[in-house]
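Read the structure below first, then the notes.
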Amino acid sequence: MHLAELELDLDVFSGPFDLLLTLVLREEVDLRELALAEVVLAYLDHLDARGDLDLEVTTEFIVLVAALLELKSRLLLPGEELEELLELEPGEAAEELLARMLEARRYRAAAAYLADVLADQPAVRFREAPLPAHLRRSSLEELEAAAWDPATLARALGGLLALPPKLDFSHISVMRVSVAERVAHLRALLRSAVALSFDDAVRGADRMTVAVTLWALLELYKRGEASWEQIEPFGEITVRRVPGARPGGPAGTP
Amino acid sequence: MSELARIIEALLFLASDPLAVTELCEVTGESAAAVGAALEELAEAFAPGERGLVLRELAGGFTLASDPIAEAAARALLAKPRLATLTPAQLETLAIVAYLAPVSRPEIARIRGVNADSPVASLLDRGLIEESGRSQFGAVVYRTTTLFLKVFGLQGAGELPDVAQWDPTPEEQRALRERLLAAGEARAGIASE
Amino acid sequence: MSELARIIEALLFLASDPLAVTELCEVTGESAAAVGAALEELAEAFAPGERGLVLRELAGGFTLASDPIAEAAARALLAKPRLATLTPAQLETLAIVAYLAPVSRPEIARIRGVNADSPVASLLDRGLIEESGRSQFGAVVYRTTTLFLKVFGLQGAGELPDVAQWDPTPEEQRALRERLLAAGEARAGIASE
């Protein structure tokens, strides 16, 4: 089968997968409106119906869906965070994306060109037979001594001893907050109150701190020191001290 | 057939890579003119339709190959297709190596946007690319091989058309840039809401 | 030349082993008589002194070989370039075997950060390294040969030059093997990103 055969019937689009891709790339279908899970489910149904698995096509599908997912996550990501990540202004980001797209596109076209060249070659074959024995090793054996400099060996080994440069993470914002710190913070709050609101616990904190605090809460839950409840999705999280629990050692060393 | 043409025929038969005129001069001790004349003689002897072999000019030299007339029997004898098909990922990787050599695996992966381990391994395995040293960061870098030139019927990697010819027109690029910019501003707009 | 003779010429050119008449009948779909006649035709075309190749009948069947007239040129051609060139991958592999022997293929691959099958095979083929037993884990281990000592002008394996001059971190105290493995793994870490 070919991916083009995959027919989709989604909320925002109905037709073949190929066309969907084209429309997404032309921004005629808004990727933000498109439920990619539905596309995956449709593909799985399609596979079920066919009963066989073509690895080539499946791989292509996975690659395309992964690309769509990445594109979509970029679209959904608030601009502020994207910039923090790329440290690029929208203009620069557009240039960078454009350069990447052009580069990828260029070599995809070159690949198509090579495929055509290959297809146009006359049906000739080249000889692959090994050299006759009397010509094979004579070269080295008839050699006068010391044709090669042993220093080339030492130099090659020296090259292998070189450690690659340390990766430079300076362009990525340094994590300023640790799980251990946030565990201590939650414990301190829970010592003075039986229950508290998660929002209060992270009031005024940046996104990273909120995420790490959630992690710290999971750690406390795992140790049986705290429980939490959330009545509805995106609702308030209430954190409760577990009666009788004693705060243990530092986080990360259960 | 002249003695020099006979010697060159034998050399073309033995060597796995195409032989350049300069190489032929060197090992036979003959002038370029004499080698040229002998090659003319061979080209005539191997003119299309004459024999089971053809003389091909490839990768900056000359080589012998079987005539397409023998393809069906050769396939039956050797029990393998002339060329195993290349997957799109392998072709893309091959194109990147052909144009950008020396190029490392992480660079290939960056351009393709996906891991390149598997296509690189199969291209190495088929002898279409080879290691050519290490980058300044210690990563192994690759280039295409003479087999690549032979299989694709090329004189050299320099014969490949300019890769920029497949770029979108300036108008298309401008439109693309504007769309990307608009998307970026839309995101910025969402963030400031 | 008849079409069948042309096809058989191509098959003899491609095959690495002599081809029996029965095999030729099978892959061409022709009778033994027709194949016999085509071989006669070829024997005439390749009569001694005619071409650079000769048709030989051996125990197993028919084969093409280079005419002895080309022997000197063939040696000059095939001996020299093979001698002058160790590929970067082969040189690295040879250095690892020379300094660390006995060493296994997986260890070589870990140090280089990429698969070592192809360079190990070529070095074995060229007689520069050889198997010297098995490691405690059952992997074949390699060492350099006397031919290796000869071409590098060394009296014994202990005479290898000191690496210190090319050592990027000479202050390191750990054993060479350990340091090479650590560097190899660090490189693999970068490459797999």
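All chains are named by letter (A, B, ...) in the order of the sequence lines, taking the proteins before the strands, and each is independently numbered beginning at 1. Source: prediction; values computed, not measured.
- Contact of Arg105(A) with chain B is made through the side chain alone, with heavy-atom distances under 4.5 Å.
- With a 6.0 Å radius and a threshold of 12 heavy atoms from other residues, nucleotides or ligands, Glu44(B) has its CD atom at or below the threshold.
- In this structure, no portion of Ile108(B) lies under 4.5 Å from any heavy atom of chain A.
- Residue Leu118(A) is tested with Leu94(B), Thr85(B), Val151(B) for a side-chain contact (heavy atoms from CB on, under 4.5 Å); the sole match is Val151(B).
- Taking both residues in full, the closest heavy atoms of Arg108(A) and Glu92(B) are given as CG-OE1, 3.5 Å, listed atom of the first, atom of the second, then distance.
- Using a 4.5 Å cut-off between heavy atoms, Ile69(B) makes no contact with chain A at all.
- Separating the CG atom in Leu160(B) from the OH atom in Tyr113(A) is a distance of 6.0 Å, to the nearest 0.5 Å.
- Here the closest heavy-atom approach between residue Ala65(B) and residue Val124(A) is recorded as CB-CB, 3.8 Å.
- To the nearest 0.5 Å, atom CG of residue Asp162(B) and atom CZ of residue Arg106(A) are 8.5 Å apart.
- Pairing each heavy atom of Ala95(B) with each of Tyr107(A), the nearest pair is CB-O, 3.9 Å.
- Of all the heavy atoms in Ala123(A) and Glu71(B), the pair that sits closest is O-OE1, 3.9 Å.
- The choice from Pro161(B), Ser16(B), Ala70(B), Ala164(B) that makes the most heavy-atom pairs within less than 4.5 Å of chain A is Pro161(B).
- Here the CZ-CG distance, from Phe152(B) to Asp116(A), works out to 10.5 Å after rounding to the nearest 0.5 Å.
- Shortest non-hydrogen contact noted between Leu114(A) and Phe148(B) is CD2-CZ, 4.3 Å.
- Leu100(B) touches chain A through its side chain: at least one heavy atom from C-beta onward sits under 4.5 Å away, while N, CA, C and O do not.
- Between chain B and the residues Glu128(A), Glu103(A), Gln121(A), the most heavy-atom pairs under 4.5 angstrom are made by Gln121(A).
- Atoms CZ and OG1, from Phe126(A) and Thr146(B) in turn, are 11.5 Å apart once rounded to the nearest 0.5 Å.
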Take Arg127(A) and Leu53(B) through the side chain to side chain contact (heavy atoms under 4.5 Å, CB included) test and state the conclusion after the steps. CA-CA 11 Å; Arg127(A) 195 173 136 85; Leu53(B) 308 178; over 6 Å; no
